[in-house]
Amino acid sequence: MVVTARREERLRELRDTIRKSGGKAVFIAGDASDEATAEDCVALAVSEFGRLDILINNAGVGNYRNLVDTSVEEYDALMDPT
């Protein structure tokens with residue numbers, strides 16, 4: 001398993017947890033919005049595991065209130081945070 005996120009310390013902890021439970025994991029610290037991070041993750045998957053089987057992209061921003069309590073401006077910012 002290849003995992004990526006911005007915080008290297010948390011990635012190291014996750015990798016160690018996966019390894020302790022018998023799995024194989026490697027990581028790359030980086031920003032999911034940066035194309036180079038994606039390219040590096042694919043390259044690492046191929047070099048460590050021979051291929052890329054599944055990709056789960058769970059990145060983004062959150063709005064922790066009900067939709068009806070969210071303004072149009074906040075919703076637009078959530079959908080396009082750039």
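As a basis for the values below, the full set of heavy atoms in this structure was taken, side chains included, without hydrogen atoms, waters or symmetry mates.
Taking every heavy atom of both residues into account, Glu48 and Lys24 meet most closely at O-NZ, 3.4 Å. Nearest heavy atoms, Ala45 versus Leu52: CB-CD1, 4.1 Å. The heavy-atom pair separating Thr4 from Ala29 by the smallest distance is OG1-C, 4.4 Å. Nearest heavy atoms, Arg19 versus Val26: NH2-CG1, 4.3 Å. Taking every heavy atom of both residues into account, Leu44 and Phe27 meet most closely at CD2-O, 3.9 Å.
Here the OG-CZ distance, from Ser33 to Arg6, works out to 8.5 Å after rounding to the nearest 0.5 Å. Going from atom CG of Asp34 over to atom OG1 of Thr37 covers 4.0 Å, rounded to the nearest 0.5 Å. In this structure, CG in Leu55 is found 6.0 Å from CG in Asn57, a value given to the nearest 0.5 Å. Note that CD of Glu39 is 10.5 Å distant from SG of Cys41, once rounded to the nearest 0.5 Å. Interatomic distance, Arg15 CZ to Met1 CE, rounded to the nearest 0.5 Å: 13.5 Å.
Annotation for Phe49: atom CZ counts as buried by contact number, over 12 foreign heavy atoms lying within 6.0 Å. Annotation: Arg10, atom CZ; neighbour count of heavy atoms from other residues, nucleotides and ligands within 6.0 Å does not exceed 12. Other residues, nucleotides and ligands contribute over 12 non-hydrogen atoms within 6.0 Å of the CZ atom of Arg12.
A side-chain donor from one of Asn63 and Thr70 sits under 3.5 Å from a side-chain acceptor of the other.
Using a 4.5 Å cut-off between side-chain heavy atoms of Ile, Leu, Val, Met, Phe, Trp and Tyr, with links allowed through other members, Ile18 and Leu11 fall into the same hydrophobic cluster. Using a 4.5 Å cut-off between side-chain heavy atoms of Ile, Leu, Val, Met, Phe, Trp and Tyr, with links allowed through other members, Val72 and Met79 fall into different hydrophobic clusters.
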